[in-house]
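One-based numbering, in listed order, for ligands and for the atoms of each. Sequence positions, counted from 1, serve as the residue numbers for this chain.
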Amino acid sequence: MNYYIHVPFCRSKCGYCAFYSEAAPVPGAVDAYLDRLEFQFERLEPAEPCETVYFGGGTPTLLSEMQLERLFSMTARALRPDSETEISIEANPETLTVPKIALLRSFASRISLGVQSFDARFRAMLGRDCEQAALERAIERVAAARFPHWSCDLIYAIPGQGPADFERDLARAVALGIDHLSCYSLTPEEGARLADSLIPDEDDAARMWELAGRCGLPRYEISNYAAPGCECRHNRNVWRGGLLTGLGPAAAGFDGTDRKSEPASLAGWLRGDPPEIDAIAPAERLNEIFAVNLRTASGWTPELWAKVPNADAWDARVAAARRAAAETLPEWFDISPERITLSDSGLLFWNTVAETIL
Ligand code: SF4
């Protein structure tokens, strides 16, 4: 089983972000969240093995040291992770103290540092509240802690950012010694504070995506790059239709048939409002899972497909890919009886491919 724990608190709201989180939470909000999470953990039947745990947000590292300690100990009690479990945590540079990093290092095997850009001008453009000194300090501390796996997040196609600027960000990230990198094209999200002014240039975005593909870490998914063997197992499992239990406001889960989302409101979640169920026909669900994992460079093999809950025949998948190739562009696909993948140009137009499959 894979577990996603959403920690819905941030210092302030970044201009591009429309994820659910409470900016500058009121006193008591985090403790109320932890109380409710503990209540849910106590009622959870943990499924063995606990393959991955992912703490995302929001900003998990906004929690105080005591609160993080409580979060980790209730997670360990309820989910019983073992030495094989991948435990990832997202971290915001402004919130990383030395004791917090030591706590993270004692519990998590992966840290994902939200850098977005090493250049203060572009972070300011994104409305991202992070001083250069805090970023440099966090980098130094995380490097010194020697996590088994270390990832950075970057954003590209920020207004005013040229390919050379982004190349500098890529080079700096890789030079840190990270083994995983996520690079997301700036996407104006409805409801984000600066959605109207943060409009990316499509041509720049495509050029920068190509630059990211040459960063030195192989691309294993449209937006993710990793040294071989250092891919994020949590995300890979989820993309392949793996079972997912989501805890916390706005957390998503998948029970093998339906996807569900916990209420995107701390108050609603604390009250125990029911999750929203996205119940779709089994054939549609299979198409959705099939399309999602085509975002990865390794795509589908018959063996991987056979592990999808309620999978249909591999031949049906080959036929679906051939239909999609005929309706879009054949050069976007690489289809054989052993594997179905998208080419680089197919990955770039994954949205069109997915629409065709769905
Ligand atoms: S981008 Fe991350 S830190 Fe910024 S508001 Fe969104 S969830 Fe919070």
Side-chain angles (χ1 to χ4, degrees), residues 4-26 29-30 33 37 54-64 67-68 71 88-97 100-101 104 108 110-139 141-142 150-159 161 169 173 180-200 223-224 232 234-235 246-252 261-266 269:
Y4 175 77
I5 299 164
H6 191 76
V7 184
F9 306 105
C10 293
R11 268 162 48 96
S12 60
K13 204 72 200 163
C14 303
Y16 55 91
C17 179
F19 287 141
Y20 171 65
S21 66
E22 298 280 329
V26 295
V30 176
Y33 160 81
L37 196 61
Y54 194 105
F55 296 95
T59 306
T61 50
L62 188 72
L63 271 54
S64 69
Q67 289 165 334
L68 276 173
L71 175 65
S88 306
I89 186 157
E90 293 176 355
N92 182 319
E94 286 273 5
T95 58
L96 282 178
T97 60
K100 275 191 205 177
I101 293 182
L104 265 47
R110 292 183 76 249
I111 185 165
S112 176
L113 192 64
V115 172
Q116 317 315 347
S117 174
F118 293 97
D119 189 322
R121 287 173 303 162
F122 301 123
R123 292 198 305 280
M125 178 64 82
L126 290 171
R128 173 107 178 155
D129 174 19
C130 178
E131 297 287 332
Q132 193 67 26
L135 176 60
E136 300 298 343
R137 218 172 24 240
I139 286 170
R141 290 171 176 175
V142 172
W150 177 12
S151 180
C152 278
D153 279 10
L154 294 179
I155 292 181
Y156 60 89
I158 303 166
Q161 182 189 41
D169 271 350
H180 188 284
L181 178 66
S182 299
C183 297
Y184 300 102
S185 173
L186 177 63
T187 310
E189 287 185 43
E190 210 183 311
R193 188 163 54 80
L194 300 179
D196 294 341
S197 58
L198 289 175
I199 310 293
S223 307
N224 288 282
C232 174
H234 178 86
N235 285 343
L247 294 141
S261 309
E262 293 295 323
S265 134
L266 180 63
W269 181 79

Q: Determine whether the side chains of Thr61 and Asn92 contain a donor N or O and an acceptor N or O closer than 3.5 Å.
A: no
Q: Could you list the residues that satisfy ring-ring contact (aromatic ring centres under 6.0 Å, His included) with Phe122, not counting sequence neighbours?
A: none
Q. Is a side-chain N or O of Arg11 found less than 3.5 angstrom from the main chain of Leu62, in a donor-acceptor match?
A. no
(Q) Under a 3.5 Å cutoff, is there a donor and acceptor pairing between the side chains of Gln161 and Arg121? (A) no
Q) So what's near atom 6 (Fe) of ligand 1, protein N, O or S atoms under 2.8 Å? A) Cys17 SG
Q: Under 4.0 Å, heavy atoms only, figure out whether ligand 1 is touched by the backbone of Arg128, its side chain, both or neither.
A: side chain
Q. By ring-ring contact (aromatic ring centres under 6.0 Å, His included), which residues pair with Tyr33, not counting sequence neighbours?
A. Phe9, Trp269
Q) Can you list every salt bridge (Lys or Arg N to Asp or Glu O under 4.0 Å) pair that touches residues 14-25, not counting sequence neighbours? A) none
